[in-house]
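Below is one structure, written out as C-alpha cells; comments come after it.
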2 protein chains.
Amino acid sequence: MGVFSRTCEYAMRAVFFIAHRTPDGSRVGIKDISEGIDSPAHFLAKILQDLSRRGIINSAKGPNGGFYMTEENLSRPLSDVVEAIDGVQIFKGCALGLKQCSVKNPCPLHHEFKAIRNDLTKLLNGTSIKSFNEDLLNGMTSLKK
Amino acid sequence: MGVFSRTCEYAMRAVFFIAHRTPDGSRVGIKDISEGIDSPAHFLAKILQDLSRRGIINSAKGPNGGFYMTEENLSRPLSDVVEAIDGVQIFKGCALGLKQCSVKNPCPLHHEFKAIRNDLTKLLNGTSIKSFNEDLLNGMTSLKK
DNA sequence: ACAATTAAAGAGTTTTATATCTTTAATAAA
DNA sequence: TTTATTAAAGATATAAAACTCTTTAATTGT
C-alpha cells in the first residue's frame with residue numbers, strides 16, 4: 001500500500017470527481033462516480049455515506065438525487081477527507097510507531113521525519129478541495145485511472 | 001496506521017535494536033529483541049527470518065546464537081528494510097492510487113506529493129543504518145516504547 | 001553420542017480491510 | 001397515490017495483515 005489506505009484513495013478520488021461534476025449544484029450518482037474513479041460501487045457507497053454523515057460531501061435521495069458539494073464543502077482542506085478515513089496518525093504518528101517519541105525523547109528518525117510529516121500536513125491542510133478542483137477543471141491535472 | 005505498516009515498524013525497530021546491541025559481533029536473541037522493542041515474539045521471528053533471508057541482518061542457530069549485524073549490514077540504507085517489508089509503493093506510488101499518474105498526466109496532488117515522496121526517499125535511501133545507530137549509541141536518540 | 005539452546009519452518013487463528021448483496025427509506029414526478 | 005429512482009443501512013463474504021502455537025533443524029558444549 002502507498003501512503004494512504006485504499007479506502008482513503010477512493011475517498012479522495014471520489015471527492016475530486018464529485019467536485020468536478022457538480023460545479024453548479026447538480027448531483028452525480030454512485031454508479032457514475034464508481035465507474036469514473038474505478039472503484040467497487042457498493043464499497044464506495046459506504047465510504048460516501050461516511051463522508052456525507054461527516055458533512056464533507058452532501059447527498060440527496062430520490063430521482064435526480066445523488067452526491068454533490070456546496071461551496072462550504074469545497075472550501076474544506078483535503079486533510080478532512082484523509083482524517084475522516086485514515087485518522088491522524090499519518091500527520092502525527094512516529095515513523096517507528098513509538099508512543100514515547102517526542103522532541104525530548106526522539107526516535108532515530110524523529111527530526112527528519114517530522115519535517116516530512118509537516119510538509120504533508122501543509123499540503124493537505126493548507127489546500128482546499130476547491131483549489132485542487134480548479135486545476136482539474138482547467139485540465140492541468142487529471143483523474144485518469 | 002501511520003506511513004509504514006506495523007510489520008515494517010517492528011522491522012525497523014528490531015534492526016536498530018540489533019545494531020545497537022551487537023556492535024562487537026555478539027548476538028542477541030529473539031526474546032530480548034521482542035521485549036526490547038515491544039513486539040510479539042513469534043511474529044517478530046517471522047519478520048527477522050525474512051530480513052535474514054534477504055541479507056539485511058544475520059543470524060546463527062544454537063547456543064550463543066541469535067541475530068547480529070555485520071559492517072556490510074550496517075552500511076545499507078534503511079530503505080532496504082522498508083522495501084523488503086512494505087515494497088516500493090511508498091517511494092513511487094501515486095497519492096490517489098492512479099496507475100496513469102505521471103508528469104505528463106498528473107493527478108491533482110502529483111507535483112507536491114512527489115516532492116514529499118522524494119524527501120522521504122532521500123531520508124531513507126540516503127542514510128545508512130549505521131549512521132542512525134550512531135545517534136542511538138551516543139544517546140542522542142532512543143527506542144523507548 | 002547426548003542434551004541444551006537457539007533460529008527456521010509450518011500450520012494454524014484472529015483481526016482488520018476490502019468487497020458484495022439485499023433490504024429499507026426518502027424523494028420526485030406522473 | 002403509485003411508481004421509479006436514488007442513497008442509506010444491514011448483513012455477509014473474502015482477502016490481507018497481524019499474531020500464535022508447535023515442530024524441526026542447526027549448533028554448541030559436555
Checklist entry - To the nearest Å, how far apart are His42(B) NE2 and dT23(D) P? => result 12 Å
Checklist outcome for this item: Sorted by chain and residue number, the salt bridge (Lys or Arg N to Asp or Glu O under 4.0 Å) partners of Asp80(B) (sequence neighbours excluded) come out as Arg76(B)
Checklist entry - Among all residues two or more places apart in sequence or in another chain, which pass the salt bridge (Lys or Arg N to Asp or Glu O under 4.0 Å) test with Glu35(B)? => result Lys31(B)
Produce the list of close N/O pairs, under 3.5 Å, pairing protein atoms with atoms of nucleotides 5-8 of chain C; give distances to one decimal.
residue : atom : partner  : partner atom : Å
dT6(C)  : O4'  : Gly62(B) : O            : 3.3
dT6(C)  : O2   : Gly62(B) : N            : 3.4
dA7(C)  : OP1  : Ile30(B) : N            : 3.1
dA7(C)  : O3'  : Ser59(B) : OG           : 3.3
dA8(C)  : OP1  : Ser59(B) : OG           : 2.8

Checklist entry - Just how far, in rounded Å, is P of dG10(D) from NZ of Lys46(A)? => result 8 Å
Item to check | Results of salt bridge (Lys or Arg N to Asp or Glu O under 4.0 Å) for Asp38(A) - residues two or more places apart only | outcome: none
Next on the checklist: Determine whether His20(A) and Phe16(A) satisfy the following criterion, side chain to side chain contact (heavy atoms under 4.5 Å, CB included), listing intermediate values before the conclusion.
Outcome noted: CA-CA 6 Å; His20(A) 188 243; Phe16(A) 288 141; 6.0 Å; no
Checklist entry - Mind checking what makes salt bridge (Lys or Arg N to Asp or Glu O under 4.0 Å) contact with Lys130(B), not counting sequence neighbours? => result Glu71(B)
Show me, pair by pair, the donor-acceptor contacts under 3.5 angstrom made by side chains of residues 49-70 of chain A, not counting sequence neighbours?
residue  : atom : partner  : partner atom : Å
Asp50(A) : OD1  : Arg54(A) : NE           : 2.9
Ser52(A) : OG   : Ser59(A) : OG           : 3.4
Asn58(A) : ND2  : Asn73(A) : OD1          : 2.7
Thr70(A) : OG1  : Glu72(A) : N            : 3.3
Thr70(A) : OG1  : Asn73(A) : N            : 3.1
Thr70(A) : OG1  : Asn73(A) : OD1          : 3.2

Checklist entry - For dA18(D), does either OP1 or OP2 sit under 4.0 Å from a side-chain N or O belonging to Thr7(B)? => result yes
Checklist entry - Whole-Å distance between dT27(D) P and Arg27(B) CZ? => result 11 Å
Checklist entry - Counting just side-chain N and O atoms, does Tyr10(A) come under 4.0 Å of either OP1 or OP2 of dA19(C)? => result yes
Checklist entry - Atom CG of Asp50(A) to atom P of dT18(C): distance rounded to whole Å? => result 13 Å
Item to check | Euclidean distance, atom CD1 of residue Ile18(A) to atom C1' of dT6(D) [Å, nearest integer] | outcome: 14 Å
Checklist entry - Once you round it to whole Å, what is the distance between P of dC21(C) and CG of Leu44(A)? => result 16 Å
Item to check | Nearest-angstrom distance from the residue atom CZ of Arg6(B) to C1' of dA17(C) | outcome: 14 Å
Item to check | Rounded distance in Å - CG (Asn58(B)) to P (dA26(D)) | outcome: 17 Å
